[in-house]
Amino acid sequence: MSLVLPPLGLAGLVNVTLILEKGYDAVTVTGIIDCADVGRSTFYSHFTDKQDALFSNLDELGFLHPEPAGRASELFAFSLPVLEHVHERWQLIRALLGRRGGGLVYARGEQLLSAVVRKELLDAGGRASASLDLLVVGVVGAFMALLRSWVDGETTATPAQLDAAFRACVEPGVRAALSAQE
């Protein structure tokens, strides 16, 4: 498989089957180069290592850069669009976030999602504080736990069912915490 450079697309660079089989941590630069059918010097002219290649191409995975599709006043407007996107790109996302995926992608997803959640909570009237930081950690943790459970095949719920479960778990407590800040 030949790729046009730059940029090297993640889907072309990293063989999803290889990640599912061996896990992201076992994928090597040599494996990526072989899969992408590019030379080592070409790879290194664009990336410093496999993590750089992965992070440079995460924009292809829109679920890590959620754009809320709901009303501005709706809490967690990112949730359903992210889950629907995961469903559409199931095999790739399962490889990257599932048990065999690298912890780097999961941690990066948490980091990006934390920024989205923080902005939503501030837009909903929350004030920057240690308690808001704790809310962000709890919301992101709950969402990522449901996502990982789904990706790992522990549930067969639909995106809408997962969204409803996520909202039922976190929204009442978050609304109460935001009200207490007033």
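As the structure is a prediction and not an experimental result, all values here were calculated from the model. Values below: every heavy atom of this structure, side chains too, minus hydrogens, waters and symmetry copies.
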Is any side-chain heavy atom of Val139 closer than 4.5 Å to one of Phe166? yes
Main chain of Ala157, side chain of Trp150: is a donor-acceptor contact present, judged purely on distance under 3.5 Å? yes
Closest heavy-atom pair, Ala142 versus Val170, reported as atoms and distance to 0.1 Å, is CB-CG1, 3.6 Å
Look only at the side chain of Thr42 and the backbone of Val38, and say whether a donor-acceptor pair between them is shorter than 3.5 Å. no
Check whether Val151 and Leu80 end up in the same hydrophobic cluster, where Ile, Leu, Val, Met, Phe, Trp and Tyr are linked by side-chain heavy atoms less than 4.5 Å apart. no
Validation row: Leu83, Ser79 side chains within 4.5 angstrom (heavy atoms): yes
Keeping Glu120 on the side-chain end and Phe76 on the backbone end, is there a donor-acceptor pair under 3.5 Å? yes
Among Leu122, Leu121, Val116, exactly one meets side chain to side chain contact (heavy atoms under 4.5 Å, CB included) together with Arg118. Which residue is that? Leu122
Once you round to the nearest 0.5 Å, how far does CG of Leu146 lie from OG1 of Thr155? 8.5 Å
Roughly how far, to the nearest 0.5 Å, is CZ of Phe43 from CG of Asp49? 7.0 Å
For Val29 versus Arg40, what's the shortest heavy-atom pair and its separation? CG1-NH1, 3.9 Å
How many angstroms lie between CG in Leu113 and CE in Met144, if you round to the nearest 0.5 Å? 6.5 Å
Checking Ser149 side chain against Ala145 main chain: does a donor-acceptor pair fall under 3.5 Å? no
Check Ala168 against Pro172 and note the closest heavy-atom contact, atom names and distance. O-CD, 3.5 Å
Counting distance only, does the side-chain N/O of Ser41 pair as donor-acceptor with the main-chain N or O of Gly39 below 3.5 Å? no
For Arg167, all residues meeting salt bridge (Lys or Arg N to Asp or Glu O under 4.0 Å), sequence neighbours excluded: Glu74, Asp163, Glu171
Taken to the nearest 0.5 Å, the spacing of Phe47 CZ from Ile33 CD1 works out to 10.5 Å
Donor-acceptor pair, side chain of Gln181 and main chain of Leu178, under 3.5 angstrom: no
Does the side chain to side chain donor-acceptor pair (under 3.5 Å) test come out yes or no for Thr28 and Thr30, once each step is laid out? CA-CA 5 Å; Thr28 64; Thr30 300; 4.6 Å; no
